[in-house]
Structure formats: C-alpha cells, structure tokens
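Beneath this line is the structure, given in structure tokens, with notes to follow.
Because the structure is predicted, anything quoted here is derived from the model rather than measured. Naming convention: chains lettered A, B, ... in sequence-line order (proteins, then strands); numbering from 1 in each chain.
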There are 2 protein chains.
Amino acid sequence: MNGTGTAAEDRVFAALANATRREVLRLLRERGPQAVQALADHFDMRRPSLSEHLKVLREAGLVSERRSGRQRVYRLEAAPLADVQDWLHPYERFWRERLKGLGDLLDRMPDDDQP
Amino acid sequence: MNGTGTAAEDRVFAALANATRREVLRLLRERGPQAVQALADHFDMRRPSLSEHLKVLREAGLVSERRSGRQRVYRLEAAPLADVQDWLHPYERFWRERLKGLGDLLDRMPDDDQP
DNA sequence: TTGACTAGTAGGGAATCGCCTACCTAATGT
DNA sequence: ACATTAGGTAGGCGATTCCCTACTAGTCAA
C-alpha cells in the first residue's frame, strides 16, 4: 500500500511541520470537503500561498482534490496519518512506563562505553 | 500538564520533520540512553551538527540530558509523542471509515457555498 | 465572445535550516 | 599544571521554506 518507504514518511512529517497545514487538515476534518476559497477565508494569508500549502499536503497524500465546476474541492485523506500512528507505536511503552513511575529503570539498562 | 499550547506542538512537529532527528529517537528507544559520541557514530555527519539536532530535540522535550563525568547521556522523553498521538485521535475515524469502504459518504456531507 | 470568477504557476525576497570548520568550556588523568 | 577527551557555541554558506505580487488557465454567465 506504500511503496515509497522513507521518502513518503519524510513528506508526511514535513507536511505536518507547519501550523497552517495542520489547521487545513483540522478544517477538512471538522467541516468536510471544502473549496480553496472557503479554506482561505480562515487564514490571514493570500490565496496563492494557501495553494502552495495544499500542494504540499497533496504530495504527502494527506488531501485529494476533486474538480467541481470552477472550484476544486479538497478532501482529507487520513491514510498517511495512520502511518504516523504506526510510527508512534514502538514509543508507546515509553510514555506508559513513565506514567507508572518506573521509567527510571530504563536509565540503568542498555548503556555502552562507560569511562 | 502542558501550559505552552500551540508553540510546544509546533516545536514537536518541527523536530519530527527531520529524518536524522527521528533516527536519533529510534536509537534512544532501541538501545536506551546514549552519550553524544555513541549517537554520532551512526550518522555520516560531524558531531557539532548532531549537537544541534539534539538541541532541537531537547527544546521540543523529546530528549533529556544527564551529565555523567565529561559525557552527556541523552535519554528519550516520550511524553510529547503522547501529545502527537492525542493530536491524531480525531482523525482516526477517517482512516477507519475509509478502510470499511464507506468514506464516500463524507463527500456528500457537510459542504458549503455551491455555485 | 467577452467578462468575471476560481485556482494554480512564476518568480522574487527575507528568514530559517542543515551542514560545515573553528573555537570555547568543563572534566579527567598524568 | 598541562594535555586529552567530550561536547556545546559561533559564524558562515548554500538550500529550502514561506510569504508576497503578478500572471496564466479553465469555467460559467451575459
């Protein structure tokens, strides 16, 4: 389902690194598919700049566009976010252990090259 | 537990946007706390550059340092990753619905300003 | 067909990123 | 005290980011 591997991962994390783009995802999630103008109304930014953000999101696979007359309706595509969740999985035990207060054990576990 | 709000979120996502920094997190997760030199050995990069990456991770709260003699041992701090998982939560139903093949319903749901 | 409207592209500029080579600071060991 | 080791800081440099103002390409309506 994902042949690109690390390059795709890189694009997704890079796309999420910008607050405007995360806000676009939130809008699409909360209000459903939206045309560019409707999205642009919620930002203090010119429309072409938003278009570039949408391009980044598109290339990360986080949104798709559907043409409808002269509008382009963008829709959230959450699959890459599922990949992010998969990426998080192996870290989960770390914050759980920490919450249970036994994270200090890890400090005395696997550690190389002591002086 | 997190008073900073969106600025902290921004630092975390920005920190994760770099492959070297994600690799540092993976190393700390798989091998436990490590000194800088041990980490640096795994990258084709000079040590000062890695130091800067560690600074970014530190300021995002993703690692902590403990001085031990002349070494500085870095440890994974997974709490901000728990925040990322929380951020992902509201999107979860989107990729689940899509997998069940009924994501198309969303296209005909909440949509404003038709021509 | 002409005009208006939606949205993407081109190109430019300031700021930030990510790397580098010095250099500085602190701890250790002789 | 002095040299060595570990690692952070300063400053520079090319690439990238993120915004802007034109401009271009489709689509709809008179």
Side-chain angles (χ1 to χ4, degrees), chain A residues 6-25 27-28 31 33-60 62-75 111-115, chain B residues 6-25 27-28 31 33-60 62-75 111-115:
Chain A
T6 188
E9 181 180 279
D10 232 77
R11 274 193 294 274
V12 172
F13 278 108
L16 296 180
N18 179 278
T20 297
R21 289 192 293 263
R22 290 196 304 276
E23 179 72 3
V24 167
L25 296 180
L27 288 169
L28 294 178
R31 325 234 257 231
Q34 302 270 317
V36 176
Q37 194 61 258
L39 289 169
D41 290 344
H42 292 84
F43 296 97
D44 184 24
M45 179 184 300
R46 304 290 165 217
R47 205 199 19 76
S49 304
L50 185 64
S51 263
E52 281 160 22
H53 284 304
L54 290 170
K55 185 180 186 176
V56 173
L57 289 169
R58 230 186 302 122
E59 289 173 348
L62 285 161
V63 302
S64 61
E65 74 161 37
R66 181 192 72 197
R67 274 152 225 254
S68 168
R70 51 187 140 181
Q71 317 203 102
R72 305 202 185 180
V73 178
Y74 278 82
R75 184 176 66 177
D111 206 340
D112 332 357
D113 50 79
Q114 234 79 262
Chain B
T6 189
E9 180 179 280
D10 232 76
R11 273 193 295 274
V12 172
F13 278 108
L16 295 179
N18 180 277
T20 297
R21 289 192 292 263
R22 290 196 303 275
E23 179 72 2
V24 167
L25 295 180
L27 288 170
L28 293 179
R31 326 235 257 230
Q34 302 269 317
V36 176
Q37 195 60 258
L39 289 169
D41 290 345
H42 293 84
F43 296 97
D44 184 24
M45 178 184 299
R46 304 290 167 219
R47 204 199 20 76
S49 303
L50 185 64
S51 263
E52 282 160 23
H53 284 305
L54 290 170
K55 183 178 186 177
V56 173
L57 289 169
R58 231 185 302 122
E59 290 174 348
L62 285 161
V63 302
S64 60
E65 77 161 34
R66 181 193 71 195
R67 274 154 227 252
S68 167
R70 50 186 142 185
Q71 314 204 102
R72 305 203 185 180
V73 178
Y74 278 82
R75 182 175 68 176
D111 205 339
D112 332 358
D113 50 77
Q114 235 83 254

To the nearest angstrom, the CG-P distance between A:Asp10 and C:dC17 comes to 16 Å
Using only side-chain N and O atoms of A:Tyr74, determine if any of them is under 4.0 Å from OP1 or OP2 of C:dG8.
yes
Residues at least two apart in sequence or cross-chain that pass side-chain contact (heavy atoms from CB on, under 4.5 Å) with A:Arg70, listed by chain then number, are none
In whole angstrom, give the distance that lies between atom CD of A:Gln37 and atom P of C:dG8.
11 Å
Is B:Ser49 near enough to C:dG18 that one of its side-chain N or O atoms lies under 4.0 angstrom from OP1 or OP2?
no
For B:Asn18 and C:dC17, is the shortest distance between a side-chain N/O and OP1 or OP2 below 4.0 Å?
no
Which is true for A:Arg47 with a 4.0 Å heavy-atom rule: it touches a base, it touches only sugar-phosphate, or it touches nothing?
base
For A:Gln71 and C:dT6, give me the distance from atom CD to atom P, rounded to whole Å.
7 Å
Using whole Å, report how far CZ of A:Arg72 lies from C1' of C:dT9.
11 Å
Report the distance from atom NZ of B:Lys55 to atom P of C:dC17, rounded to the nearest whole Å.
12 Å
Rounded distance in Å - CG (A:Asp41) to P (C:dT6)
10 Å
So does B:His53 get a side-chain nitrogen or oxygen closer than 4.0 Å to the phosphate oxygens (OP1/OP2) of C:dC19?
yes
Rounded to the Å, how far apart are B:Arg67 CZ and C:dT28 P?
12 Å
If only atom types and distance count, is the side chain of B:Arg58 paired as donor or acceptor with the main-chain N or O of B:Val63 below 3.5 Å?
no
Side-chain donor or acceptor of B:Glu52 under 3.5 Å from a matching atom on the base of C:dC20?
yes
Please list, in 5' to 3' order, the outermost nucleotides of DNA chain D lying under 4.0 Å from any heavy atom of chain B.
D:dT4 to D:dG11
Residue pair B:Arg70/B:Leu50 against DNA chain D: nearer the 5' end by closest nucleotide is B:Arg70
Classify A:Phe43 by what it touches in the nucleic acid, base, sugar-phosphate, or nothing, heavy-atom distance under 4.0 Å.
nothing
side-chain contact (heavy atoms from CB on, under 4.5 Å) partners for B:Ala60, two or more places apart
B:Arg11, B:Val12, B:Ala15, B:Leu62
Mapping B:Thr20 and A:Ser51 onto DNA chain C by nearest heavy atom, which one lands closer to the 5' end?
A:Ser51
